[in-house]
Number of protein chains: 2
Amino acid sequence: MKINTKVELGIVALTDIAVHSENGESVRSSDIADRQNISQKYLEQILLGLRQGKFVKAQKGIHGGYQLSRPADRIMLCDILNALDNNILANTYEPDDKQPDGIRASVNNCLWSNLNSYMRSFIEDMTLADLIKEYKEFSAKEKDYMYYI
Amino acid sequence: MKINTKVELGIVALTDIAVHSENGESVRSSDIADRQNISQKYLEQILLGLRQGKFVKAQKGIHGGYQLSRPADRIMLCDILNALDNNILANTYEPDDKQPDGIRASVNNCLWSNLNSYMRSFIEDMTLADLIKEYKEFSAKEKDYMYYI
DNA sequence: ACAAATCCTATTGACATAGTAGGAATACCG
DNA sequence: CGGTATTCCTACTATGTCAATAGGATTTGT
């Protein structure tokens, strides 16, 4: 399944902000862009969407930057996905009136619609906090590994 | 999730062929096109792919048409999807060497890669026979419903 | 020979994606 | 108040994919 870059980078950016604002400071887009190897201008567009979706607060000016708008465990992944891409979780089938025998309708029910529900159930309860937790475990493991070399 | 028309129509076409060749006769593309309200020329392209993927056998000439290449319960849906669209079940993430801190990598593990596995597990054991069964139950219900009107 | 079917490939228009670019607006600091 | 650093907003563009159209070549049965 192809994930577009806005969705992927948006989630990466949110995770980056969460991880780097634990001291209470704002995170600049230029820092995120450097750390995550993203074009800053493109990242700004993505962050704009994330702010309009109320996932982050932005502060302009010399000590400006971004912070999460609320604790990470109250930022639902499905909301982020919907804000950044209106197709990824949507069931896009539309019935065709001119089709009498119902094969298309039943394939949709049995396959696409069920697959869609299934995907939603995977995402449903996940929050940004889960990604942060995963990242911390991941980087702790890396550190251990480096230590033993 | 957006399903492209080749995938959707391909599966519909296969189901149509299965349902309409139970007497042993081949099914013409023009009949499928009429029944399912698809452009015949476009359908031919899709059927070409299905034949090259060994899901159907084709017969040219005046009594030609298409038949399943083997019983429907041995035609796996995941194989069809892979033949018609090489992204739909693929995990398209590619690691970025220039990225030191591992946020992208861990988001991929926790989210995209797991979501992909989850989707696969839904499709994994389904065959064309399941769709045919669903369709028959569906159309039986429709018939009952019409009867009571 | 003819008709009817599949087979194959080229082309096109529309749309989405992945950026690039330029500057406006705002906030802080001296 | 002026300068600088930041976000904010919009326009543009290049590329690729998708969905479909089109035209004819090939094969088969009668």
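First the proteins, then the strands, lettered A, B, ... as listed; each starts at 1.
Remark: side-chain polar atoms of B/Ser21 are not paired, donor with acceptor, to backbone N or O of B/Gly24 under 3.5 angstrom. Side-chain atoms of A/Thr15 do not come within 3.5 Å of backbone N or O of A/Ile132 as any donor-acceptor pair. At least one donor-acceptor pair under 3.5 Å links the side chain of B/Ser69 to the backbone N or O of B/Lys54.
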Query raised in the report: For A/Gln40 and A/Asp34, what are the C-alpha separation, side-chain angles and deciding distance, and is it a side-chain hydrogen bond (donor to acceptor under 3.5 Å, both in side chains)?
Result: CA-CA 8 Å; A/Gln40 184 181 344; A/Asp34 286 349; over 6 Å; no
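Going from atom NZ of B/Lys41 over to atom P of C/dA5 covers 13 Å, rounded to whole Å. Rounded to a whole Å, the CZ atom of B/Arg28 is 9 Å from the C1' atom of C/dA4. In this structure, B/Ile46 atom CD1 and C/dC8 atom C1' are separated by 15 Å, rounded to whole Å. Per the geometry, CG belonging to A/Leu50 stands 11 Å off P belonging to D/dC8, to the nearest Å. Across the protein-nucleic acid pair, B/Glu44 atom CD and D/dT21 atom C1' stand 12 Å apart, rounded to whole Å. B/Gln40 has its CD atom 14 Å from the C1' atom of D/dG23, to the nearest Å. Counting to the nearest Å, the P atom of D/dC18 and the CD1 atom of B/Ile88 are 11 Å from each other. Taking atom CG of B/Leu43 as the reference point, atom P of C/dA5 lies 14 Å away to the nearest angstrom.
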N/O contacts under 3.5 Å, protein versus nucleotides 15-19 of chain C?
residue	atom	partner	partner atom	Å
C/dA18	OP1	A/Thr5	N	3.4
C/dA18	OP2	A/Thr5	N	3.2
C/dA18	OP2	A/Thr5	OG1	3.1

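In this structure, CG on B/Leu128 lies 6.0 Å from CG on B/Leu68, to the nearest 0.5 angstrom.
Less than 4.0 Å separates DNA chain D from at least one heavy atom of each of the following residues of residues 57-69 of chain A: A/Ala58, A/Gln59, A/Lys60, A/Gly61, A/Ile62, A/Gly65, A/Tyr66.
Proximity of A/Arg51 to the phosphate of D/dT7: no side-chain N or O atom is located under 4.0 Å from OP1 or OP2.
In terms of hydrophobic clustering, with Ile, Leu, Val, Met, Phe, Trp and Tyr side chains grouped at heavy-atom distances under 4.5 Å, B/Phe55 and B/Leu48 are assigned to different clusters.
Counting any heavy atom pair closer than 4.0 Å across all strands shown, A/Ser29 reaches sugar-phosphate atoms only and no base atom. A/Glu8 comes within contact range of no nucleotide atom at all, as no heavy-atom separation falls under 4.0 Å.
The only option from B/Asp125, B/Thr127, B/Leu89 that meets the side-chain contact (heavy atoms from CB on, under 4.5 Å) definition with B/Cys78 turns out to be B/Leu89.
Counting only heavy atoms from C-beta outward, the side chains of A/Trp112 and B/Glu8 approach each other to under 4.5 Å.
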